[in-house]
Amino acid sequence: MFSQSENQELIEMFSQLRVADVRDGLDAILLHHYCSLPSTIRPLFRTKAVGIAKTVRYIPYRGEIPKLSPEEYSEWCGYYYQKICPYPWMSEIQKGDFIVIDQSEIDAGLMGSNNSLEGYAKGAVGYLTNGGPRDTDELIIQKIPFWSKFVSQKTVIGRLQFDAMNVPVNIEGVLIKPGDIIVADGDGVVVVPRERAAEVYEFAKKELDADKASRRKLYDMLEWEYDDTVK
Ligand SMILES: O=C([O-])CC(=O)C(=O)O
Ligand SMILES: [Mg+2]
């Protein structure tokens with residue numbers, strides 16, 4: 001576990017940066033081949049979120065689905081959510097957590113507009129998954145930052161089971177460890193290994209400052225008002 005004050009400090013630092021700056025910072029320490037989530041991971045809507053990775057892993061369910069009446073099925077769903085596919089990480093969420101879910105690419109909406117809002121209310125700043133959320137129209141209305149591989153209609157019932165939390169996970173070939181810094185915007189998602197955060201930030205911030213100065217000159221030439229991206 002990392003201290004919340006250190007977490008908040010890292011979030012404040014990296015919130016100033018664009019995904020592209022962070023990518024440049026990672027390149028500066030020769031991590032060219034690593035840390036960027038591929039273009040298969042896209043935001044549900046254009047937004048930005050920066051947080052500390054809280055990881056969780058779900059694996060495919062291969063048990064049988066019992067033959068049940070609709071009434072019995074509702075009861076079984078309750079059992080399934082409690083015993084087979086629980087969300088024990090939900091009660092551990094801290095302010096600034098970025099929820100990173102390896103759901104084994106299974107087409108099931110582990111997160112919907114209800115439980116993702118619950119996590120958001122507890123302090124989660126965003127979600128990343130190699131699967132897909134459901135209730136996406138409501139997720140957009142609720143402005144829950146969400147990056148995923150696809151969108152899903154289905155529930156987890158009979159499809160996914162909980163495996164582990166607070167462990168290193170693989171999202172589209174990129175290793176994400178608990179405590180890493182996740183920066184996500186319209187360009188996608190990048191992960192900063194926590195132990196390299198200071199070095200990455202130093203170079204990335206220089207890149208951003210130089211870029212702002214350059215674009216300010218062009219804004220002046222075009223007689224444009226400054227917006228927040230050049231201030
Ligand atoms: O019920 C579920 O498993 C996920 C969901 O749709 C929600 O939380 O809204
Ligand atoms: Mg729902």
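Numbering of ligands and ligand atoms starts at 1, following listing order. These numbers come from the heavy atoms of this one structure, side chains and all, not from hydrogens, waters or symmetry mates.
- Residue Asp135 touches ligand 1 through its side chain alone, judged by heavy-atom distances below 4.0 Å.
- Looking at atom 6 (O) of ligand 1, its nearest protein heavy atom turns out to be Arg134 NE, 2.8 Å.
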>> If you apply the rule side chain to side chain contact (heavy atoms under 4.5 Å, CB included), what do you find for Arg216 with Lys231, and how did you get there?
In response: CA-CA 8 Å; Arg216 263 197 305 270; Lys231 278 179 192 157; 5.8 Å; no
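- Using cut-offs of 30° and 60° for the angle between ring planes, the Tyr219 and Trp224 rings count as perpendicular.
- Applying the side-chain hydrogen bond (donor to acceptor under 3.5 Å, both in side chains) test between Arg18 and each of Asp24, Thr229, Asp211, Asp187 identifies Asp211 as the sole match.
- Aromatic ring centres of Tyr61 and Tyr80: separated by under 6.0 Å.
- Heavy-atom contacts of Asn115 reach the following atoms of ligand 1: 4 (C), 7 (C), 8 (O) (cutoff under 4.0 Å).
- Near Tyr81, with a cut-off below 4.0 Å to any heavy atom, the atoms of ligand 1 are 1 (O), 2 (C), 3 (O).
- The atom of Asp135 that is an N, O or S and sits closest to the Mg ion (ligand 2) is OD2.
- Of the possible donor and acceptor atoms, none in the side chain of Glu138 sits under 3.5 Å from a partner among the backbone N and O of Asn114.
- Taking any N or O of Thr155, backbone or side chain, none lies under 3.5 Å from an N or O belonging to ligand 1.
- Residue contacts with ligand 1, taken as heavy atom pairs separated by less than 4.0 Å, involve Asn114 via backbone and side-chain atoms alike.
- A donor-acceptor pair shorter than 3.5 Å cannot be found between the side chains of Asp97 and Gln94.
- In terms of protein heavy atoms, atom 5 (C) of ligand 1 is closest to Gly112 CA, 3.6 Å.
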